[in-house]
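For reference, the structure discussed in these notes is given below.
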Amino acid sequence: MARLPKLAVFDLDYTLWPFWVDTHVDPPFHKSSDGTVRDSRGQNVRLYPEVPKVLERLQDLGVPVAAASRTGEIEGANQLLELFDLVRYFAHREIYPGSKVTHFERLQQKTGVSFAQMIFFDDEKRNIVDVGKLGVLCIHIQNGMSLQTLAQGLETFTNSQAEH
Ligand SMILES: [Mg+2]
């Protein structure tokens with residue numbers, strides 16, 4: 001059995017959904033009668049299509065999941081996770097501005113999982129650099145999370161373990 005991470009951490013903006021929650025959409029959000037999630041202007045708000053399947057897959061594999069976002073729109077980000085019915089997948093949510101080193105130090109304290117046993121998906125190079133220095137395996141993603149990106153990340157994790 002391939003070695004799996006003990007914690008998978010996801011950025012939010014441009015990782016789970018294709019926008020900046022503090023800039024491109026207008027909180028508060030709501031679910032309209034047709035089941036779509038909309039912002040206060042009635043703009044339709046969506047996830048990257050495979051995100052629920054990605055989180056389900058990790059749940060099936062028994063890998064706990066956390067969110068690490070540096071957005072200033074804390075309430076809106078949490079609201080979206082609720083409206084998209086994703087809260088149940090996240091064991092921990094670290095959502096506040098600042099370097100993600102803080103987010104990861106808190107995750108490490110809360111979970112007891114060492115940085116070397118974590119995997120992190122983010123679209124921004126600065127976060128990859130900061131968190132990578134802690135010893136977390138960071139996957140720089142483009143075009144949002146997909147099942148393929150997850151599979152590649154998990155494979156990279158397994159291979160990195162084999163090297164040590
Ligand atoms: Mg991002």
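Start at 1 and go down the list; that is how both ligands and their atoms are numbered.
- In this structure, the ring of Phe121 has its center no less than 6.0 angstrom from the ring center of His140.
- With respect to the Mg ion (ligand 1), Asp123 has OD1 as its nearest N, O or S atom.
- Residue Asp13 approaches the Mg ion (ligand 1) most closely through its N/O/S atom O.
- Looking at Glu94 and Lys110, a side-chain N of the basic residue comes within less than 4.0 Å of a carboxylate O on the acidic one, giving a salt bridge.
- Under a 4.0 Å N-O distance rule, the pair Asp122/Lys100 qualifies as a salt bridge.
- Taking the ring centre of Tyr96 as origin, the terminal cationic atom of Arg106 falls inside the region bounded by 6.0 Å and 45° from the ring axis.
- Here Asp11 meets the criterion, with an N, O or S atom under 2.8 Å of the Mg ion (ligand 1).
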